[in-house]
Amino acid sequence: MVFFRFYIFFILVLLIMAQGCASFGTYNPATGKKEFVAVSTRQEISMGATVHNRLKQRMTFSNDPVKLSRLEKIGQRVALVSDRQDYIYQFYLVEDETLNAFTTPGGNIYFNTGLMEKLENDDQVAFVIAHEIGHCAAKHVAKKYQAALGYDLIGSIILDQVSGGGYAKSLASLGSDVLMNLVFSAYSRKDEREADLLAVKYSYLAGYDPEEGVKTFIILKKHSKGTMVPHMLRSHPDLLERIENVEKEAKRVKLEYGKFSK
Ligand SMILES: [Zn+2]
């Protein structure tokens, strides 16, 4: 009983600390803000591994050496300029006709063959990868997860970190179904805008033309039918607004980081 009371007290103290942290938090260069994210990088990597095991059961990964090396080459160039470098980005090519790409916790990026076939050049592929890496750098996946879990589990996650991973069984007990639902649930409009702006910055810094992002949106729109709406267009801000934002941001980054040279 005494232990139980102490446990509750401990959780409350941790939650108050967590709330307190939110006001100063850790500076994230991708968002330009101080933010409190309870899910640690180690936990993200562990969640990513769970999700990857599930994806392996339901998807076929391509072994085409030419396509894979193209994805890897462009992906690593973009990953190198990402604001987030505390995990290794990994790229997987999925045999799927849907024009889609998505990211899971821990820096895993999945890119469909259907999307690669429809995009016209490396700059457009780079823009899509940079959008996904933008979600990673801004910690959108971890934040989405955190928002869905509520205080109970956040308390457990913090306990898990304090105890070095042996205390709370929060992550294991959550089950991969919850994780899978979270991975495929939509980001907020704000997060999508943020990922678009980071896509412009990262693709430019990696040596690609960010203005190809505009054409990427047009291609996605043209080839999306019915329920086969790609992640990048799902519950997103208005397409024209996104195109305008990308055009404006492309001009801004060129001024800030110097003239584009390939
Ligand atoms: Zn997105």
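First listed ligand is number 1; within each ligand, the first listed atom is number 1.
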Heteroatom test (N, O or S) for Asp191 near the Zn ion (ligand 1), limit 2.8 Å: no

NZ/NE/NH1/NH2 to OD/OE distance under 4.0 Å, Lys143 and Asp191: no

When every non-hydrogen atom of Thr113 is compared with those of Glu95, the smallest separation belongs to OG1-CA, 3.6 Å

Sub-6.0 Å ring centroid separation between Phe102 and Tyr187: no

How wide is the angle at the Zn ion (ligand 1) between OE1 in Glu192 and NE2 in His131, to the nearest 10°? 90°

Metal proximity, His135 vs the Zn ion (ligand 1), N/O/S cut-off 2.8 Å: yes

Could you work out, with salt bridge (charged side-chain N to carboxylate O under 4.0 Å, His left out) as the rule, every residue matching Lys73, not counting sequence neighbours? none

